[in-house]
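These notes concern the structure reproduced below.
In this chain, residues are counted from 1 in sequence order.
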Amino acid sequence: MTSYAAAGVDIDAGERAVELMKSKVARSRRPEVVDDASGFAGLFDASALLSYRRPLLTTSTDGVGTKVMLAQILDKHDTIGIDLVGMVVDDLVVCGAEPLFMTDYIACGKVVPERIAEIVGGVAEGCRLAGCALIGGETAEHPGAMGAGEYDLAGAATGVVEADRMLGRDRVREGDVVLALASSGVHSNGYSLVRHIIKLAGLSLEAELAELGRTLGEELLEPTRIYSLDCLELARSIDVHAYAHITGGGLEGNLSRSLPPELDALLDRSSWTPPAVFEVLAGHGKVAQADMDRTFNLGVGMAAIVPADAVDPALALLKERGLPAWVLGEVVPGTGRAHYR
């Protein structure tokens with residue numbers, strides 16, 4: 001005779017993981033969340049949308065890439081969920097949408113209840129920071145397909161925006177100003193290159209680097225900054241024309257997506273100094289500037305395009321909210337590209 005447990009799947013561990021994460025998930029609750037006694041689905045009271053004239057539902061899904069491998073190496077699992085939320089919800093906010101709720105999915109080689117609870121706790125904390133609810137998820141044990149210490153996670157979120165308040169390239173005008181909103185570090189893009197550099201240069205994640213003021217591992221696991229509440233408040237307070245979430249593809253690649261075909265964003269590289277971690281990676285990996293530009297956010301995690309007369313109030317609001325921001329460039333006639341002067 002054999003059993004599911006003998007095949008490597010521990011149902012009891014999965015149930016314990018659910019119990020451990022419940023209190024953490026509760027911290028992300030919104031008033032619109034409705035309890036489902038069966039536990040098979042997450043429920044959200046859509047009557048909250050009745051106040052909209054023409055609500056547009058938005059959705060986004062993503063993961064955290066190979067950053068998750070560093071979390072496993074360092075045995076630190078409580079912040080990788082924050083990264084997941086940042087990667088998902090800040091795509092929604094680009095069009096001006098408010099994130100409403102999110103679900104997550106974790107696949108692992110072996111369910112370790114405490115580790116799963118830490119991961120989901122990070123997701124719940126990210127949802128709290130984003131103002132959305134974590135209303136459901138799934139943890140799947142895949143023995144044989146993944147090692148006992150391996151896992152991966154992904155998530156999806158739903159948001160809403162009023163149709164006539166939707167932001168984007170159609171609102172952008174010549175003379176607009178591009179604002180940079182600071183990143184918290186590498187965020188969750190480019191970690192395949194990061195790991196290649198670490199291997200190539202023989203770097204240790206436990207090494208204290210003077211340039212960073214902490215270990216390389218601590219720097220690389222710094223959670224992705226979540227911008228949704230800041231961006232929503234900025235859009236409520238001033239006439240924001242467009243946002244761009246700076247992820248894979250870098251500043252030029254992502255900002256170009258928020259420009260109409262007849263306009264360019266002319267960026268000033270001298271307007272900021274990228275965080276030290278990018279200099280460390282470029283130096284140890286001998287990475288060309290063009291590759292750094294295409295791979296990393298280089299210190300700019302979100303860009304906002306606003307009218308020239310809105311720059312001062314926008315910067316003042318962001319400063320008040322504790323988010324470093326500065327003038328990055330301007331919108332000029334062109335061919336729909338963001339590029340440096």
Side-chain angles (χ1 to χ4, degrees), residues 60 62-65 67 79-97 99 122 125-127 129-132 155 157 159 167 177-191 193-194 212 219-235 240 242-259 265 267-269 271-282 292-306 314-315 317-329 338 340:
S60 177
D62 208 339
V64 294
K67 185 173 185 176
T79 60
I80 198 71
I82 297 175
D83 291 293
L84 177 64
V85 177
M87 298 307 293
V88 174
V89 302
D90 285 331
D91 277 354
L92 293 181
V93 82
V94 165
C95 71
E125 174 62 12
C127 285
L129 294 171
C132 69
L167 308 179
V177 174
V178 182
L179 302 181
L181 281 58
S183 73
S184 58
V186 183
H187 283 185
S188 299
N189 293 104
Y191 276 80
L193 178 55
V194 168
L212 304 178
E219 178 69 35
L220 293 174
L221 283 188
E222 178 69 30
T224 301
R225 175 169 267 146
I226 295 175
Y227 298 92
S228 58
L229 292 181
D230 297 309
C231 288
L232 290 171
E233 183 58 33
L234 188 62
V240 175
Y243 286 118
H245 188 197
I246 313 305
T247 55
L251 189 52
E252 292 169 294
N254 286 282
L255 187 53
S256 295
R257 297 163 63 182
S258 297
L259 295 170
L267 310 177
D268 183 0
R269 198 186 289 273
S271 67
W272 89 104
T273 300
V277 64
F278 297 108
E279 183 179 349
V280 168
L281 292 171
M292 294 295 293
D293 289 344
R294 282 194 297 265
T295 307
F296 300 113
N297 67 63
L298 297 182
V300 181
M302 183 75 75
I305 302 176
V306 303
L315 292 177
L317 184 148
L318 294 170
K319 181 179 180 180
E320 187 177 294
R321 295 180 65 86
L323 177 53
W326 62 92
V327 173
L328 177 63
Y340 294 101

Is any side-chain heavy atom of [X] less than 4.5 Å from a side-chain heavy atom of [Y]?
X: Met87; Y: Asp91; result: no
X: Val277; Y: Glu222; result: no
X: Tyr340; Y: Leu251; result: yes
X: Val280; Y: Leu212; result: yes
X: Leu181; Y: Arg225; result: no

Taking atom [atom1] of [X] and atom [atom2] of [Y], what is their separation to the nearest 0.5 Å?
X: Asp83; Y: Ser184; atom1: CG; atom2: OG; answer: 8.0 Å
X: Leu323; Y: Leu229; atom1: CG; atom2: CG; answer: 11.5 Å
X: Ile80; Y: Leu221; atom1: CD1; atom2: CG; answer: 6.5 Å
X: Leu318; Y: Glu233; atom1: CG; atom2: CD; answer: 10.0 Å

Look at the aromatic rings of Phe296 and Phe278 and report parallel, tilted or perpendicular, splitting at 30° and 60°.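 Ring orientation of Phe296 relative to Phe278: tilted.
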Heavy-atom pair with the smallest gap, counting every atom of [X] and [Y]:
X: Val186; Y: Asn189; result: CG1-O, 3.6 Å
X: Ala338; Y: Leu267; result: CB-CD1, 4.4 Å
X: Ser258; Y: Tyr243; result: OG-O, 2.7 Å
X: Ser256; Y: Glu252; result: OG-O, 2.7 Å
X: Asn254; Y: Ala244; result: O-CB, 3.9 Å
X: Gly155; Y: Leu84; result: N-CD1, 3.6 Å

Does either side chain, that of Ser183 or that of Asn297, offer a donor lying less than 3.5 Å from an acceptor on the other one? yes
Can you tell me if [X] uses its side chain to pair, donor with acceptor, with the backbone of [Y] under 3.5 Å?
X: Ser271; Y: Asp268; value: yes
X: Lys67; Y: His187; value: yes
X: Thr79; Y: Pro223; value: no

Decide yes or no on side chain to side chain contact (heavy atoms under 4.5 Å, CB included) for Leu179 and Val327, but give the supporting numbers first. CA-CA 5 Å; Leu179 302 181; Val327 173; 3.9 Å; yes
Please enumerate all residues that pass side chain to side chain contact (heavy atoms under 4.5 Å, CB included) together with Ala130, with sequence neighbours excluded. Val85, Val89, Cys132, Ile226, Ser228
Starting from the C-alpha separation in whole Å, work towards a yes-or-no answer on side-chain hydrogen bond (donor to acceptor under 3.5 Å, both in side chains) for Asp90 and His245. CA-CA 7 Å; Asp90 285 331; His245 188 197; 4.5 Å; no
May I have the step-by-step check of side chain to side chain contact (heavy atoms under 4.5 Å, CB included) for Leu255 and Val300, ending in yes or no? CA-CA 11 Å; Leu255 187 53; Val300 181; over 6 Å; no
Partner residues of Asp293 under the side-chain hydrogen bond (donor to acceptor under 3.5 Å, both in side chains) criterion, sequence neighbours left out: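 Asp293 satisfies side-chain hydrogen bond (donor to acceptor under 3.5 Å, both in side chains) with Arg269, Gln289 only.
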Could you go through Ile305 and Val240, starting from their C-alpha distance and side-chain angles, then the distance that decides it, and tell me whether this counts as side chain to side chain contact (heavy atoms under 4.5 Å, CB included)? CA-CA 6 Å; Ile305 302 176; Val240 175; over 6 Å; no
Do other residues, nucleotides or ligands put more than 12 heavy atoms under 6.0 Å from Glu279 CD? no
